[in-house]
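To start, I am sharing the structure in question, which I have written as structure tokens.
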Amino acid sequence: MTDPGISAARRSAGDPRRDSDARIRWDPASPVTTSIATSDGDCRTRHGRFVGGAADGVEVVEIDTGAAKATVLPGRGMSLWRIDAGGTRFGWESPIRGPIHPARVPIDDPSGLGWLEGFDELLVRCGLESNGAPEFDESGRVRYPLHGRVANLAADRLRIECDGGTGSVDLIGEVRETRLFFKRLRMRTRVRFHAGRPEVEIRDEVTNELSTPATIQMLYHINIGRPLLDDGSVVEAPIAELVPKDELSASEIDRWDRVGPPQSGFAERVYFTELVSDAGQQTTAMIRSPGGDRGLAVSVDTSTLPRFIVWKNTAAESDGYVVGLEPATNFPNGRSFEAEQGRVVTLQPGETIRFSLTLHPLADADSVRAMSDAIRALGEGTSPRIGPTPRPGWSVP
């Protein structure tokens, strides 16, 4: 007898994001599949796997808070694939049409760019050993692939924890990036949701489990496309300092925060920044729609994520029309360059570093306006330093 989940997946020929249910075999017996009653309403979670094609076998967890529905991919480093809230889908239409099973992503491709063959998520982590541009050894072999390996490693020890009193529901998993004799890094991830609320909190703990010191990097690649992104969309952030990554980005420094229409052949523009934070070392940035009726904001703990990158890739829609907001430990240059500038994190044996950020899907004008006011208040009293050219020490010469 043919599995009905497989049959449905084979019948589905449309956009995989809109037909995702037809490609997932949900497991009602999984301990991660549950309904949770809280003081703020009910949360429902379900667990399954994609069936067929390049996504075959990718583990997926869906969490419905009543105010938003989020899709997490434990099989891809606990990435957040998308959020649906207030009638808006927050994510982007990658040409990859994933999710792609990590076994089909050639991380060690000789070009160093194999990571791009799996790049599809709303939020994907870059790290843990490295998070920037690819780097090669003296013989030309890949030493550090583009954006590292963590996004293509599967999580284990997956479980749900909830607090009926506060209405919180946590999806927890652990990802290990290891190589015998060289590294043993463990990332324990807690993705927190709240009944009746749309925001998603990310709490990651990275531990060096070797008996010798290790260095790490982390970057959260948060990507937004249609329908939020359009000609006239704006990036809002409390800038302390901002400079272009390269000369091409410098040519549009006067409109670094503005988004244009899809443009065939567009080459990415990248801006390196440090943001103003409050007394608790918290800051917030946002992409808002042209009409100001929708937005996606990210709040960040800058004590461990002190750098922030704006990535504009407003190419043709078929080529991946997208803008990224990227809190990070460092700038995404080659790892050796960043190490020379002191922008790698050293962990002693057994030491743990904690990263914290929150995504705010905003689906109405009032919530966008309130977030915009909060961002403006963060920057009050600060004169932004906007550099017209790449800054030595921030960009590779």
Side-chain angles (χ1 to χ4, degrees), residues 92 94-95 111-113 115-116 119 126 130-136 140 142-148 217 219-225 229-276 285 287 305-344 379 382-397:
W92 68 299
S94 169
S111 69
L113 302 176
W115 186 90
L116 293 173
F119 182 30
C126 303
S130 64
N131 68 10
E135 189 172 322
F136 305 87
V142 178
R143 185 181 181 192
Y144 301 113
L146 176 70
H147 290 329
Q217 298 178 312
L219 180 148
Y220 294 87
H221 216 304
I222 302 162
N223 311 289
I224 284 292
L229 197 70
D230 205 342
D231 184 16
S233 293
V234 175
V235 176
E236 296 186 9
I239 300 296
E241 183 169 5
L242 178 145
V243 297
K245 174 191 174 185
D246 50 32
E247 293 302 329
L248 180 60
S249 303
S251 69
E252 295 187 358
I253 192 67
D254 61 329
R255 52 188 185 277
W256 71 267
D257 56 344
R258 281 166 278 168
V259 177
Q263 179 182 336
S264 179
F266 184 91
E268 65 179 17
R269 273 66 158 171
V270 180
Y271 301 94
F272 292 164
T273 84
E274 290 184 352
L275 304 184
V276 179
I287 303 176
L305 295 167
R307 279 88 195 184
F308 199 91
I309 299 93
V310 177
W311 174 59
K312 295 169 63 177
N313 186 55
T314 52
E317 290 191 53
S318 60
D319 299 333
Y321 183 62
V322 62
V323 167
L325 303 179
E326 306 171 19
T329 58
N330 57 284
F331 299 121
N333 302 302
R335 191 183 192 280
S336 294
F337 177 81
E338 290 297 289
E340 290 169 1
Q341 308 305 316
R343 290 192 294 265
V344 295
T382 300
S383 298
R385 301 186 300 276
I386 308 294
T389 58
R391 173 176 162 175
W394 281 24
S395 293
V396 177

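Side-chain atoms are counted along with the backbone in the values below, which use heavy atoms only and exclude waters and symmetry mates.
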Atom pair CZ (Phe337) and OG (Ser395), whose distance is rounded to the nearest 0.5 Å: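 Here the rounded value is 7.0 Å.
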
Check: Ala316 main-chain N/O paired with Ser264 side-chain donor or acceptor under 3.5 Å: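 No, because the side chain of Ser264 does not come within donor-acceptor range (under 3.5 Å) of the backbone of Ala316.
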
Non-hydrogen atoms of Ser130 and Pro145 that approach each other most closely: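 In this case the closest contact between Ser130 and Pro145 is OG-O, 4.1 Å.
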
4.5 Å side-chain heavy-atom contact, Phe119 and His221: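 Phe119 reaches His221 side chain to side chain.
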
Side-chain donor/acceptor of Glu135 to backbone N/O of Tyr144, under 3.5 Å: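 No: the side chain of Glu135 does not pair with the backbone of Tyr144.
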
Close side-chain approach of Asp246 and Val270, heavy atoms under 4.5 Å: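 Side chain of Asp246 against side chain of Val270, heavy atoms only: no contact under 4.5 Å found.
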
side-chain contact (heavy atoms from CB on, under 4.5 Å) between Glu274 and Trp394, worked out: CA-CA 11 Å; Glu274 290 184 352; Trp394 281 24; 3.9 Å; yes

Test item: Arg269 and Leu248 side chains (from C-beta on) under 4.5 Å apart, heavy atoms: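 Answer yes - side chains close enough.
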
Contacts of Asp231 that satisfy side-chain hydrogen bond (donor to acceptor under 3.5 Å, both in side chains) - sequence neighbours left out: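 For Asp231 there are no side-chain hydrogen bond (donor to acceptor under 3.5 Å, both in side chains) partners, ignoring immediate neighbours.
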
Side-chain (Thr273) to main-chain (Phe308) donor-acceptor, under 3.5 angstrom: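 Yes, the answer is positive, given that a donor and an acceptor are paired below the 3.5 Å cut-off.
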
Nearest atoms (heavy-atom pairs only) where Pro238 meets Gly379: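 Distance-wise, the nearest heavy atoms are CB-N, 3.9 Å.
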
Closest approach of Ile239 to Thr382 (non-hydrogen atoms, all atoms of both residues):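 For Ile239 and Thr382, the tightest heavy-atom pair comes out as O-CG2, 4.1 Å.
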
Any donor-acceptor N/O pair, Glu338 side chain to Asn330 backbone, under 3.5 Å: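 No; zero donor-acceptor contacts below 3.5 Å.
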
Close side-chain approach of Thr329 and Leu305, heavy atoms under 4.5 Å: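 Yes, side chains in contact.
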
Smallest separation among heavy atoms of Ile222 and Pro327, with atom names: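 Heavy-atom minimum between the residues: CD1-CD, 4.0 Å.
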
Within-4.5 Å side-chain heavy-atom neighbours: Cys126 and Trp115: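 Result yes, sub-4.5 Å side-chain heavy-atom pair found.
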
Working for side-chain contact (heavy atoms from CB on, under 4.5 Å), residues Val235 and Lys312: CA-CA 10 Å; Val235 176; Lys312 295 169 63 177; 5.8 Å; no

Closest contact, heavy atoms only, Ala285 versus Leu275: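 Shortest heavy-atom contact: CB-CD1, 4.3 Å.
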
Working for side-chain contact (heavy atoms from CB on, under 4.5 Å), residues Val259 and Tyr321: CA-CA 10 Å; Val259 177; Tyr321 183 62; 3.7 Å; yes

Residue pair Ser249 / Glu268: nearest heavy atoms and the distance that separates them: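 That would be OG-O, 4.4 Å.
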
Val323 and Ser233, any side-chain heavy atoms less than 4.5 Å apart: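 Not touching, per the 4.5 Å side-chain cut-off.
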
Interatomic spacing from CG in Leu242 to CD1 in Ile253 - rounded to 0.5 Å: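 One finds 5.0 Å between CG of Leu242 and CD1 of Ile253.
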
Whether Asn313 side chain and Gly320 backbone form a donor-acceptor pair below 3.5 Å: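 Confirmed, Asn313 side chain pairs with Gly320 backbone.
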
Main-chain N/O of Val234 paired to Arg258 side chain as donor or acceptor, under 3.5 Å: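 No, because the side chain of Arg258 does not come within donor-acceptor range (under 3.5 Å) of the backbone of Val234.
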
Atom pair CD1 (Ile287) and CD (Glu236), whose distance is rounded to the nearest 0.5 Å: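 Going from CD1 on Ile287 over to CD on Glu236, the span is 11.0 Å.
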
Close side-chain approach of Trp311 and Glu326, heavy atoms under 4.5 Å: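 Yes, close enough: below the 4.5 Å cut-off.
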
Any Pro244 side-chain heavy atom under 4.5 Å of Trp256 side chain: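 No, side chains not in contact.
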
Atom pair CD/CZ of Glu241 and Arg307 - distance to nearest 0.5 Å: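 Glu241 CD to Arg307 CZ: 11.0 Å, rounded to 0.5 Å.
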
